[in-house]
Amino acid sequence: MGFKTRTLVFPEPFKVAFIEESVPEPSFGEVLVETLVTLISTGTELTAYSGSFPREKSAWAEYVKYPFRPGYCNVGQVIKVGEDVEGLAEGDVVVSRAPHTEYYVHKAATLTKVPEGIDPKEAAFHTIAAGVMNSVRLAGVKLGESVVVVGAGLLGQMAAQFARLAGGFPVVSVDLSDYRLQLARKSGADVTVNPQSEDVYEAVRRATKGRMADVVFEVTGNPQVLEWAIKLVKKMGRLVVLSSPRGPSTIDFHDEVNFPSRVIIGTHFTSQPSCETPFYPWTWSRNTELFLEMLKQRRIKVSHLISHVFPWSEGARVYDFLYRNRLRCMGVLLDFRAEANNIVY
């Protein structure tokens, strides 16, 4: 009988199911991995779960095809090694962009080994961290530049932390949730602003001594936010679109881009190159490796961002809970270890 796995899918908007599939034996250069824990990428996965994106002629519609397999923040353990595999052995803990599934076969060369001593729950932030590193690099944040992060979800928390590491000062986090803003302080924000109780433009003006922001990261995914977030950028400053906006925006390109000579930078996770070069070595794998090493050396922290840990089999309840309580959640993990012995033959 063949080896089997269960995978979480969205058959249609607001529906969660588990499908059973066969898993092949690892071939040349491949390993079989048992998932330990996965992180839910809240923005992407709730967009797919709810179907709240343009359904026709959009990159979102091309990406989300139902039944959709969510998840790309996987931490697992190698349980079988194919031929001609170097650098990995049974028992090694690795990270990958595999979905929420119990077992999978993966090319060994594209997996990143987790250093000893790192909690798998913290390692699960790897895809988010690598993507935000890419964004901060493309933004060119320099020592002493003022940075505003609009949106303090997972990406926004990481953007505040990496912008500070890059030398950004002050770092200002903006969000509608006081809970998220409290976490943003722990992530490195010097100033926090809730638009429901404070004028964002005036708060940024005060924090930057009237200069306004050198760099603004938009991390909400709400296309309407772009229309006012760009106004926080100083003349010749940069607006960085780190989120994946869910639909079109209306911006007066003369008044907000051309006249003040602002620069708009798109920084999708997929813009990380697949191959290192002497001119730009920061591939997805290299960023992931750096994130894990910085975790080990305690140069960065993510433990404060873990808000919930659920058994992965409760997927239907988890996504409904997330959808209804998004502003009260941060890093939501699915723990597979509770069902580690449920191997289907």
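When a residue number appears, it is its place in the shown sequence, counting from 1.
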Tell me whether F336 is reachable from V31 by hopping between hydrophobic residues (I, L, V, M, F, W, Y) whose side-chain heavy atoms are closer than 4.5 Å. no
Carefully, step by step, assess V263 and M236 under the rule side chain to side chain contact (heavy atoms under 4.5 Å, CB included). CA-CA 7 Å; V263 177; M236 300 187 73; over 6 Å; no
In Å, rounded to the nearest 0.5 Å, how long is the span from CD of E293 to CG of L290? 8.5 Å
P70 and Y319: which non-hydrogen atoms are nearest, and at how many Å? CG-OH, 4.0 Å
Would I118 end up clustered with V93 when hydrophobic side chains under 4.5 Å apart are linked, directly or stepwise? yes
Among L292, L154, V75, the one residue meeting side chain to side chain contact (heavy atoms under 4.5 Å, CB included) with F125: L154
Separation between CZ (F217) and CD1 (I265), nearest 0.5 Å, reads 8.0 Å
Transitive ILVMFWY cluster of F253 at side-chain heavy atoms under 4.5 Å: who else is in it? V148, V150, V172, V174, V191, V193, V200, Y201, V204, M212, V216, V225, L226, W228, I230, L232, V233, L239, V241, I251, V257, I264
Say whether V309 and V302 are linked into one hydrophobic cluster, either directly or through other cluster members, by side-chain heavy-atom distances under 4.5 angstrom. yes
Taking atom CZ of R324 as the centre, report whether more than 12 heavy atoms of other residues, nucleotides or ligands fall under 6.0 Å from it. no
Closest heavy-atom contact between Q157 and S187? OE1-OG, 2.7 Å
Answer yes or no: are there more than 12 heavy-atom neighbours, outside Q224 itself, under 6.0 Å from its atom CD? no
With E12, which residues qualify under side chain to side chain contact (heavy atoms under 4.5 Å, CB included), at least two apart? K15
Taking the six-membered ring for Trp and the full ring for Phe, Tyr or His, determine whether the centres of F68 and Y49 are under 6.0 Å apart. no
Looking at P170 and D190, what are the two nearest heavy atoms and their distance? CA-OD2, 3.4 Å
Nearest-0.5 Å distance that lies between atom CG in L111 and atom OG in S285: 9.0 Å
Candidates E30, E25, E34 - the one meeting salt bridge (Lys or Arg N to Asp or Glu O under 4.0 Å) with K80: E25
Step by step, would you call V318 with I40 a side chain to side chain contact (heavy atoms under 4.5 Å, CB included)? CA-CA 10 Å; V318 171; I40 293 177; 3.7 Å; yes
Do T38 and H100 have side-chain N/O donor and acceptor atoms under 3.5 Å apart? yes
How about Q182 and H304: does a side-chain donor come under 3.5 Å of a side-chain acceptor? no
Take the angle between the ring planes of F310 and H308 and call it parallel below 30°, perpendicular above 60°, tilted in between. parallel
Test log, rule side chain to side chain contact (heavy atoms under 4.5 Å, CB included), inputs F269 and S135: CA-CA 8 Å; F269 284 16; S135 182; over 6 Å; no
Salt bridge (Lys or Arg N to Asp or Glu O under 4.0 Å) for E145 and R238? Distances and angles first, verdict last. CA-CA 11 Å; E145 287 194 316; R238 289 98 75 195; 2.9 Å; yes
Do E218 and T220 pair up side chain to side chain, a donor and an acceptor below 3.5 Å, judged on atom types alone? yes
With no hydrogens and no angle check, just 3.5 Å: does a side-chain donor-acceptor pair link T35 and Y103? no
Any side-chain donor near an acceptor of the partner, S146 and D214, under 3.5 Å: yes
Are more than 12 heavy atoms from other residues, nucleotides or ligands located less than 6.0 Å from atom CD of E116? no
Could you tell me if D175 and N194 have a donor-acceptor pair between their side chains, going purely by distance under 3.5 Å? no
Using a 4.5 Å cut-off on heavy atoms from C-beta on, say whether the side chain of R246 contacts that of W60. yes
Do D92 and Q77 have side-chain atoms, one donor and one acceptor, less than 3.5 Å apart? no
Show the nearest heavy-atom pair for residues I128 and C73, with the distance to one decimal. CG1-SG, 4.2 Å
Heavy-atom pair with the smallest gap, counting every atom of R6 and T101: O-OG1, 3.3 Å
When you look at L32 and V23, which way does the side chain to side chain contact (heavy atoms under 4.5 Å, CB included) test go after all the steps? CA-CA 9 Å; L32 175 63; V23 179; 3.7 Å; yes
Atom of A61, atom of P54 and distance for their closest heavy-atom approach: CB-O, 3.6 Å
Out of curiosity, does L88 fall in the hydrophobic cluster containing V114 (side-chain heavy atoms, cut-off under 4.5 Å, transitive links)? no
Quick check on K186: does its NZ atom have over 12 non-hydrogen neighbours (other residues, nucleotides or ligands) under 6.0 Å away? no
Could you tell me whether the side chains of N134 and R137 share a donor-acceptor contact shorter than 3.5 Å? no
Would you please classify the geometry between the F259 ring and the H254 ring as parallel, tilted or perpendicular, with 30° and 60° separating the classes? parallel
Ring pair (Phe, Tyr, Trp, His ring centres under 6.0 Å), that's the test. Do F14 and Y323 meet it? Break it down for me. CA-CA 9 Å; F14 296 106; Y323 184 74; 5.1 Å; yes
With a 3.5 Å cut-off and no angle check, do the side chains of K235 and S261 form a donor-acceptor pair? no
Could you state whether Y179 and L333 fall into the same hydrophobic cluster, counting links through intermediate Ile, Leu, Val, Met, Phe, Trp or Tyr residues with side-chain heavy atoms under 4.5 angstrom apart? yes
Please tell me whether F53 and Y63 form a close aromatic pair, meaning their ring centres lie under 6.0 Å apart. no
Taking atom types as modelled, is there a side-chain donor on T5 or E20 under 3.5 Å from an acceptor on the other? no
